[in-house]
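Reading through the structure tokens given below for one structure.
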Number of protein chains: 2
Amino acid sequence: MGLEDAISAIEASDSIDELRSSLHRIVQDYGFSGFTFIDAGRPELDVPYYTGTHPPAWERAYLQYDFVHSDPALARVRRTNKPFHWGSLKLPERQGHKRPPEVKMMDAARDHGFREGLVVPFHYRDRLGAVHSSSTVFFWEDDPRAFDKLLICHRHELHLLMIYWVQRAMDIVSRDQRNAPTILKPADAAETIKLTGREKEVMAWAARGKTVADTAQILGISPETVEGFIKQALRKLNASNKTHGVAKSIALGIIDL
Amino acid sequence: MGLEDAISAIEASDSIDELRSSLHRIVQDYGFSGFTFIDAGRPELDVPYYTGTHPPAWERAYLQYDFVHSDPALARVRRTNKPFHWGSLKLPERQGHKRPPEVKMMDAARDHGFREGLVVPFHYRDRLGAVHSSSTVFFWEDDPRAFDKLLICHRHELHLLMIYWVQRAMDIVSRDQRNAPTILKPADAAETIKLTGREKEVMAWAARGKTVADTAQILGISPETVEGFIKQALRKLNASNKTHGVAKSIALGIIDL
DNA sequence: CTAAAACCCCCGGTTTTCGGGGGTATCACA
DNA sequence: TGTGATACCCCCGAAAACCGGGGGTTTTAG
């Protein structure tokens with residue numbers, strides 16, 4: 001099946017179930033045993049939205065051992081845009097006497113028969129402008145050398161496929177909202193947050209660890225004024241405290257470190 | 001030039017200037033007269049970052065008439081993930097005697113010789129996990145029918161090209177800016193700092209705006225214990241307070257929002 | 001001209017933070 | 001089967017941050 005055919009098959013799918021089996025057929029053609037699509041943008045959730053054609057045993061293990069919070073691929077997905085494979089992940093060395101949870105997770109994957117995995121990150125916006133991050137992993141159970149060869153030739157195709165797959169999934173879900181998985185539904189509309197120069201300055205110094213008094217001295221204004229700017233910024237950011245405000249500012253790209 | 005060659009050329013570029021001329025050559029091969037990359041995620045900025053090989057006259061007009069705030073393609077980019085062309089934009093009807101600004105902008109583009117344009121949206125995350133949205137437009141000055149034909153055959157290639165181009169641009173910029181990391185002192189290599197599971201958890205909840213009391217309830221431990229973990233994490237991070245610690249944790253990739 | 005927003009300063013009561021100080025539980029290895 | 005390293009859990013008190021207001025002048029945009 002060529003790339004154009006695959007995209008056509010995806011765009012012709014008319015329900016999430018159909019979409020799932022379409023992709024399954026496509027990735028099987030490439031030699032993968034299955035795939036998992038997972039919402040990667042909400043690390044605070046214990047069980048984010050996911051779907052796919054992975055083995056049930058793997059799903060049970062993943063949930064049971066809380067791998068969402070230790071999966072090193074998910075962590076990387078949140079900071080990158082290009083596909084990568086499990087073999088390229090840098091795992092932490094064991095500190096002390098315990099195996100780090102990341103290593104535990106990868107060992108478990110191996111125990112389930114997965115010898116490699118291709119992870120495709122995709123960050124997208126819904127029709128309200130809200131941003132979502134997704135991770136899709138294609139499982140490989142055959143010879144790792146064949147996997148390497150596949151990557152060289154078809155990495156880009158698989159990347160493109162996922163983009164159109166996610167887009168199609170979003171279109172379907174927004175069309176029939178009733179039984180929609182929550183993640184694919186448009187979240188809060190993206191609000192444009194506009195901080196003034198002073199507000200950005202005080203937040204940036206806060207991010208660098210300066211207290212209100214420090215910042216006041218740096219900027220040559222009174223501590224009370226600094227507090228005023230911070231309060232104003234927190235209101236605009238809809239943040240509950242200074243720490244939250246700084247985190248949001250970084251996430252929104254308002255301040256750079 | 002094939003797709004793989006084009007991507008190779010992009011990934012081999014070592015500066016923004018080189019990257020720009022690489023892409024220019026590639027899109028000229030497709031028949032476009034030039035391109036403009038623009039940071040589309042900040043509607044609040046009057047002059048967002050942009051670069052490209054557009055005619056200087058067009059750039060002057062764009063700035064002079066403040067087209068950033070009326071460009072209908074930019075507005076659409078913020079809500080979509082697939083490439084589209086100017087012809088598919090739905091422009092508002094003229095009300096009364098005034099031309100809507102969107103129409104004005106498209107008319108101006110035509111006056112500058114552009115008969116069509118392919119717009120490729122791309123939403124990406126940087127190494128801090130911050131989300132950005134970009135718009136790249138490829139200008140078409142030839143026969144519109146040839147443009148339609150090109151889209152059918154090569155839309156996906158152009159889409160993929162942009163993804164790798166943006167990623168490469170980000171890599172170059174973040175490499176060049178690494179001499180001014182105020183928040184990361186040289187000694188703070190990510191590898192040397194290892195937080196335990198609990199330490200990471202309390203820092204992550206702090207970044208999401210939770211107070212010590214909130215976090216204690218979420219984790220089912222006493223507030224004093226939560227404080228203990230935070231203090232321990234701050235020591236390891238060599239951070240002067242919680243806000244600083246959270247900023248550092250994000251910068252080091254230890255926690256995600 | 002006028003309204004809105006940026007910028008600057010202040011108070012008082014409440015909550016959080018962060019320097020310390022404790023302790024137990026678990027695990028790999030000898 | 002102990003031993004040592006580490007994760008994990010709890011407490012105190014002085015200092016700082018938070019949060020709700022209250023002022024005012026200057027700059028910007030319609």
Side-chain angles (χ1 to χ4, degrees), chain A residues 66 69-70 92-104 107 192-203 205-248 254, chain B residues 44-47 66 69 98 101 193-249 254:
Chain A
D66 201 30
H69 293 127
S70 48
E93 305 192 5
R94 58 192 305 160
Q95 41 178 330
H97 295 289
K98 281 179 195 156
R99 243 185 339 163
E102 290 89 346
V103 176
K104 248 182 215 169
D107 287 348
T192 63
I193 291 167
K194 188 176 171 184
L195 296 192
T196 71
R198 281 306 209 195
E199 285 160 1
K200 277 190 264 192
E201 268 182 296
V202 296
M203 294 308 282
W205 286 115
R208 291 165 196 145
K210 304 300 178 194
T211 67
V212 167
D214 294 336
T215 306
Q217 202 159 25
I218 291 169
L219 298 179
I221 56 181
S222 92
E224 287 81 4
T225 307
V226 173
E227 275 198 31
F229 287 131
I230 291 176
K231 280 190 283 190
Q232 188 65 22
L234 294 186
R235 257 196 294 276
K236 286 186 183 176
L237 288 161
N238 199 22
S240 46
N241 55 46
K242 203 160 86 173
T243 304
H244 190 196
V246 162
K248 265 197 160 181
I254 290 173
Chain B
E44 74 276 12
L45 289 183
D46 287 335
V47 184
D66 200 29
H69 292 125
K98 278 186 207 154
I193 293 174
K194 288 223 161 71
L195 299 190
T196 70
R198 282 307 210 193
E199 287 160 0
K200 277 190 267 193
E201 270 180 297
V202 295
M203 294 306 283
W205 287 115
R208 292 165 197 148
K210 303 299 177 195
T211 66
V212 167
D214 293 336
T215 307
Q217 201 159 25
I218 291 168
L219 299 179
I221 57 181
S222 93
E224 289 82 5
T225 307
V226 173
E227 280 185 19
F229 288 132
I230 290 175
K231 283 184 286 191
Q232 187 65 23
L234 294 185
R235 258 196 294 275
K236 287 187 185 176
L237 288 162
N238 196 21
S240 46
N241 56 46
K242 203 161 90 172
T243 303
H244 192 196
V246 162
K248 268 196 165 181
S249 300
I254 293 171

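This one's a predicted model, so the numbers in the text were calculated from it and none came from an experiment. Reminder, nothing fancy here: chain letters follow the sequence lines and each chain counts from 1.
In this structure K210(A) satisfies the salt bridge (charged side-chain N to carboxylate O under 4.0 Å, His left out) test with no other residue, sequence neighbours excluded. R208(B) is linked by a salt bridge (charged side-chain N to carboxylate O under 4.0 Å, His left out) to nothing, counting only residues two or more places apart in sequence or in another chain. With sequence neighbours excluded, no residue satisfies side-chain hydrogen bond (donor to acceptor under 3.5 Å, both in side chains) with E102(A). S222(A) is linked by a side-chain hydrogen bond (donor to acceptor under 3.5 Å, both in side chains) to E224(A), T225(A), counting only residues two or more places apart in sequence or in another chain. Annotation: salt bridge (charged side-chain N to carboxylate O under 4.0 Å, His left out) contacts of E227(A) (sequence neighbours excluded): none. The side chain to side chain contact (heavy atoms under 4.5 Å, CB included) check on A206(A) picks up K242(A), V246(A), T243(B), with sequence neighbours excluded. Under the side chain to side chain contact (heavy atoms under 4.5 Å, CB included) criterion, H244(A) pairs with A239(A), S240(A), N241(A), K248(A), not counting sequence neighbours.
Residue contacts for G228(A): at a heavy-atom cut-off of 4.0 Å it reaches no nucleic acid atom on any strand shown. Among the heavy atoms of the strands lying under 4.0 Å from S240(A) are primed sugar atoms or P, OP1, OP2 only; no base atom is included. As judged by a 4.0 angstrom heavy-atom cut-off over every strand, T225(A) is placed among the base-contacting residues.
Comparing dA6(C), dC10(D), dC8(D) by their closest approach to the side chain of I221(B) singles out dC10(D). Set against dC19(D), dA7(D), dA6(C), the side chain of L234(A) has dC19(D) as its closest nucleotide.
Side-chain atoms of K236(A) come within 3.5 Å of backbone atoms of K194(A) as a donor-acceptor pair (strictly under, hydrogens ignored).
Annotation for F229(B) and E199(B): closest pair O-CG, 3.8 Å, computed over non-hydrogen atoms.
Rounded to an integer number of Å, the gap from K236(B) NZ to dC8(D) C1' is 11 Å. Separating the CG atom of L219(A) from the P atom of dC9(C) is a distance of 11 Å, rounded to the nearest angstrom. What separates NZ of K200(B) from P of dA7(D) is a distance of 11 Å, to the nearest Å. One interatomic measurement links the two molecules: CZ of R235(B) to P of dT6(D), which rounds to 14 Å at whole-angstrom precision. In this entry the distance linking CZ of F229(B) with P of dT16(C) reads 19 Å, nearest Å. Taking atom NZ of residue K104(A) and atom C1' of nucleotide dC27(C), one finds them 10 Å apart after rounding to whole Å.
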Show, in sequence, the C-alpha distance, side-chain angles and deciding distance for L237(B) and M203(B), and conclude whether the side chain to side chain contact (heavy atoms under 4.5 Å, CB included) test is met. CA-CA 11 Å; L237(B) 288 162; M203(B) 294 306 283; 4.1 Å; yes

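Relative to the axis of its first five pairs, the axis of the last five pairs of the helix from dC1(C)-dG30(D) to dA30(C)-dT1(D) sits at 70°, rounded to 10 degrees.
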I'd like a table of donor-acceptor pairs (distance under 3.5 Å, sequence neighbours excluded) in which one partner is a side-chain atom from residues 211-218 of chain B, with atom names and distances.
residue: T211(B); atom: OG1; partner: A213(B); partner atom: N; Å: 3.4
residue: T211(B); atom: OG1; partner: D214(B); partner atom: N; Å: 3.2
residue: T211(B); atom: OG1; partner: D214(B); partner atom: OD2; Å: 3.2
residue: D214(B); atom: OD2; partner: T211(B); partner atom: N; Å: 3.1
residue: T215(B); atom: OG1; partner: T211(B); partner atom: O; Å: 3.0

Sort me out a list of protein N/O and nucleotides 12-17 of chain D N/O pairs below 3.5 Å, or just none if empty.
residue: dA17(D); atom: OP1; partner: V212(A); partner atom: N; Å: 3.3

Anything under 3.5 Å between a protein N or O and an N or O of nucleotides 22-26 of chain D, put it in a table, one pair a line.
none

